[in-house]
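Report on the structure given below.
Because only heavy atoms are used, hydrogens play no part in the values below, and waters and symmetry mates are left out as well, while side chains stay in. Chain A is the first sequence line, chain B the second, and so forth, proteins listed ahead of strands; every chain is numbered from 1.
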Amino acid sequence: MRRPEVAAGVVLMLLSALIAYSALDFPLYSKRSVGPGFVSFWSALLLFAVSASLTVTGLTRSAQPKDERPGRAGTELHGGLRPILAVLLLLTLYVYCLEWAGFLVCTIVLLWVLYGLWGNMRWQASLLVAFLLGGGSYAIFGALLGVPLPQGALVPAMGRLLSGLGSGVFQ
Amino acid sequence: MLDQIVFGFSVSLAPYNLLLCAAGVVIGTLVGVLPGIGPGAAIALLLPVTFGLNPTAAVILLAGIFCGCQYGGSTTSILLNIPGEAASAVTAIDGHKMAKAGRAGPALGIAAFGSFIGGTLSVAGLMLVADPLASLALKFGPPEYFAFVCLGMTLIVFLAQNSIQKALVAGLIGIILSQIGTDPIASGRRFTFGFPELTEGIAIVPLMLGLFGLAEVLISLDKGLAKFNVITHVKNLFPNLQDWKDSATPIARGSLLGFVVGILPGGGPSLASFISYGVEKKFAKEPGRFGHGAIQGVAGPESANNAATGGSFVPLLSLGIPTNVIMALLFSALMVHGVTPGPLLIKQHPDVFWGLITSMYVANVLLLVLNLPLIAIWVQILKIPYRILFPAIVLFCVVGSYNERGLAFDVVLMMIFGAIGFAMRKFDFDVAPLVIGFILGDLLEENLRNSLLLSDGSFLIFVQRPISLFFLVLTLTVLAWNAWHSKASRSR
């Protein structure tokens with residue numbers, strides 16, 4: 001038995017059944033043509049059939065020893081699931097803060113953490129690289145290519161605060 | 001024809017466009033040489049760079065990036081033995097052996113010259129074939145297009161590097177994903193799950209960046225950010241007379257074969273380079289040298305994979321059908337810039353059409369002029385550890401997915417597709433069929449429903465029209481042949 005194929009097959013069967021069921025919310029046929037649910041419904045049914053055959057293949061074929069699969073990514077996690085989940089979690093936080101803190105701040109913090117965790121460098125060095133890369137990307141995409149990157153509320157608020165403090169000092 | 005070629009060169013050789021093409025070649029090579037990043041991932045990552053440009057300039061920059069990526073991939077294969085994509089895997093067999101034997105220079109040199117010759121011949125072929133085919137395609141109605149898309153869908157089976165079942169699963173998931181958004185005929189919302197951001201469907205850029213960019217990072221993290229052993233000693237980039245004698249015929253054969261294979265659905269650089277390697281081994285005086293550093297094993301496949309690229313442009317530009325994942329990426333790039341590939345492209349955007357074709361040629365010349373002298377820099381880039389590179393790749397994925405529509409939602413989509421791409425690779429599913437299914441799914445549905453509207457709901461319309469019937473018979477033949485072939489190879 002090939003466990004990964006069986007697991008993938010079963011998950012896909014459940015998923016395709018759900019899609020086929022959801023597709024029934026839309027008409028499959030109309031008066032002169034097929035309806036908006038037609039392609040999704042039949043694709044989901046076909047997906048169910050192929051997934052079922054994948055499951056059967058996985059059940060009937062014997063598992064291959066790992067060393068007989070050169071160049072293939074196995075299903076075991078070498079670096080562990082932790083770094084992958086960590087990157088996805090960091091990106092989720094990044095998206096959550098993007099509109100509020102702005103592209104520049106969020107990107108520098110994200111890069112700092114990524115380099116800090118995996119860059120194998122001191123925190124000062126990783127902060128410097130994060131500043132250069134984050135600032136550089138902001139300059140290229142935001143200023144040079146005119147991409148409307150989110151400014152966020154944090155930087156303007158800090159700017160106002162600083163200018164307020166500055167005017168207070170000079171008054 | 002000559003007028004159009006001159007017009008094309010006037011577009012691609014305009015100083016600004018020439019500069020963009022040169023920048024594309026350098027940037028493409030720079031990203032293409034990075035270990036583990038194939039042309040697919042490289043183009044997906046660099047797509048955002050073109051966002052601020054007009055369509056012609058963007059397409060010219062992409063042509064440069066594409067050619068640069070291809071060449072960069074070969075460099076990595078030869079010096080590092082890590083092919084970024086299947087097409088370069090063949091180059092790695094003999095190219096890396098040559099490099100280990102101290103002949104990295106001639107291997108890189110013949111790869112560059114072979115790519116240049118193959119690319120040049122295929123551009124000539126593209127000029128001759130694409131225009132008449134586009135004129136023919138103008139006579140196509142929805143039934144003909146539907147049947148042709150069905151034929152294109154069969155390439156999902158050919159793209160199966162692991163298993164046909166898994167390729168079909170990926171392709172079907174792609175078709176289902178293409179159904180999300182507004183119904184193209186009745187204009188109602190479908191499967192948007194209450195997210196207004198999904199009204200226009202899943203944006204192609206976050207999908208590509210997730211599947212190719214972020215997934216690649218996650219896979220590398222999973223492998224524990226491995227260190228690579230680079231061959232840094234590169235000298236004598238110009239092949240000697242004997243090398244040229246050995247390589248001339250493989251280059252000619254590879255170029256011709258590559259162009260023809262590239263046009264076919266499911267063909268493209270990977271298949272062309274594998275076939276070329278097999279052909280060269282068959283014709284070789286000493287086939288035993290193959291696999292041990294035979295220069296023919298580099299010259300033939302490299303010419304073939306570049307020539308196949310030109311061939312792959314034929315169905316993309318004249319019919320609007322991408323036949324492999326790179327063409328799917330370029331298809332989406334053109335769509336992002338408001339240019340729809342297909343038979344009307346040549347009439348509606350002659351500057352884009354001829355500018356793209358001629359800039360492919362210009363990019364091949366620039367590759368020779370710029371990249372061979374810059375080889376020392378590429379070698380240095382190969383030494384950059386992946387732990388330094390991957391945060392920058394993540395940054396590109398984030399910026400790229402945000403750029404297209406200015407929505408944080410698209411970054412979330414990119415993350416989701418990154419996770420899906422990672423899971424697919426872990427379970428040995430190919431990503432390419434998903435992309436093809438996603439792009440062709442829309443065309444399939446629209447043409448199916450329009451055809452049935454024409455025939456008042458009768459499916460007979462597909463067999464009553466000769467061109468449509470021809471494509472459907474061809475589709476069934478291809479599927480039957482594939483089923484027979486896989487059954488025969490299983491019983492062997």
Side-chain angles (χ1 to χ4, degrees), chain A residues 4-5 8 12 16 19 22 26 29-40 43-44 46-47 50-51 53-54 57 72-75 77-81 83-84 87-88 91-92 94-95 98-99 103 107 110-111 114-115 118-120 129-130 133-134 137 141 144-150, chain B residues 48-49 51-53 162-163 165-166 168-169 172-173 175-176 178-179 183 185-186 188 190-191 214 217-225 385 387-388 390-392 394-396 398-399 402-403 406 408 411-412 415 418-419 422 425-429 441 444-445 448-453 456-457:
Chain A
E5 278 181 15
L12 285 164
S16 53
I19 295 165
S22 309
F26 306 96
Y29 297 92
S30 65
K31 221 173 188 181
R32 285 178 57 208
S33 185
V34 292
F38 180 86
V39 173
S40 1
S43 301
L46 203 55
L47 180 61
V50 181
S51 310
S53 95
L54 191 68
T57 310
R72 283 267 180 276
T75 41
L77 293 160
H78 303 277
L81 200 60
I84 291 148
V87 168
L88 291 176
L91 281 172
T92 309
Y94 176 88
V95 173
L98 192 62
E99 301 291 344
F103 174 84
T107 304
L110 173 76
L111 291 173
L114 287 176
Y115 279 120
W118 288 284
N120 205 11
V129 175
L133 211 55
S137 65
F141 290 102
L144 203 68
L145 296 173
V147 174
L149 297 168
Chain B
V49 178
F51 283 173
L53 304 170
N162 298 320
S163 106
Q165 283 166 321
K166 289 180 177 177
L168 277 173
V169 164
L172 286 165
I173 291 175
I175 295 174
I176 291 166
S178 75
Q179 299 295 297
D183 171 8
I185 308 289
R190 291 183 299 191
F191 308 110
L214 187 64
V217 168
L218 298 180
I219 284 286
S220 303
L221 281 172
D222 173 41
K223 285 177 183 166
L225 302 176
R387 61 188 168 78
I388 303 293
F390 93 86
V394 172
L395 173 65
F396 257 84
V398 168
V399 176
Y402 185 86
N403 276 0
V411 183
V412 178
M415 283 167 55
F422 170 75
R425 276 165 225 211
K426 289 305 292 179
F427 285 94
D428 283 344
F429 282 83
L444 184 90
E445 188 195 17
L448 168 69
R449 290 172 70 184
N450 279 332
S451 304
L452 292 174
L453 282 172
D456 260 341

Which atoms of [X] approach chain A - backbone, side chain, both or neither, heavy atom under 4.5 Å:
| X | answer |
| --- | --- |
| Leu395(B) | side chain |
| Glu445(B) | both |
| Asp456(B) | both |
| Phe191(B) | both |

For [X], which atoms come within 4.5 Å of any heavy atom of chain B: side chain, backbone, both, or neither?
| X | result |
| --- | --- |
| Ser30(A) | neither |
| Leu133(A) | both |
| Leu54(A) | both |
| Thr107(A) | side chain |

For chain B, which of Val95(A), Val87(A), Ile19(A) has the most heavy-atom pairs under 4.5 Å?
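Answer, by heavy-atom pair count under 4.5 Å with chain B: Val95(A).
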
Interface residue of largest heavy-atom contact number with chain B, from Ser43(A), Pro150(A), Pro36(A), Ser16(A), under 4.5 Å:
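The option with the most such pairs is Pro36(A).
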
Are the side chains of Phe390(B) and Ser220(B) in touch, meaning some heavy atoms are under 4.5 Å apart?
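In short, these two side chains do not touch, never coming nearer than 4.5 Å.
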
May I ask you to test the Leu214(B)-Val398(B) pair for a side-chain heavy-atom distance under 4.5 Å?
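A side-chain contact under 4.5 Å is absent here.
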
Go through Leu47(A) and Ile175(B) one step at a time and tell me if the side-chain contact (heavy atoms from CB on, under 4.5 Å) criterion holds.
CA-CA 10 Å; Leu47(A) 180 61; Ile175(B) 295 174; over 6 Å; no

Carboxylate-amine/guanidinium contact Asp222(B) Arg425(B), below 4.0 Å
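No, Asp222(B) and Arg425(B) are not salt-bridged.
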
When Leu218(B), Ile185(B), Leu448(B), Ile173(B) are compared by non-hydrogen pairs under 4.5 Å with chain A, the top option
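Looking at each of Leu218(B), Ile185(B), Leu448(B), Ile173(B) in turn, Leu218(B) comes out on top.
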
Using a 4.5 angstrom heavy-atom cutoff, name the option from Val394(B), Asn450(B), Leu444(B) with the most pairs to chain A.
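Highest number of heavy-atom pairs under 4.5 Å: Val394(B).
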
Report the C-alpha separation of Lys426(B) and Ile219(B) in whole Å, then their side-chain angles, then the decisive distance to 0.1 Å, and conclude whether the side-chain contact (heavy atoms from CB on, under 4.5 Å) test is met.
CA-CA 8 Å; Lys426(B) 289 305 292 179; Ile219(B) 284 286; 4.0 Å; yes

Output the distance between atom OH (Tyr94(A)) and atom CG (Leu88(A)), rounded to the nearest 0.5 Å.
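It is 15.0 Å, given to the nearest 0.5 Å.
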
Can you tell me how far CD of Glu5(A) sits from CZ of Phe429(B), rounded to the nearest 0.5 angstrom?
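Here the interatomic distance stands at 7.5 Å.
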
Quick one: does any side-chain atom of Arg449(B) pair with a main-chain N or O of Ser33(A) as donor and acceptor, under 3.5 Å?
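Such a contact is absent between Arg449(B) side chain and Ser33(A) backbone.
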
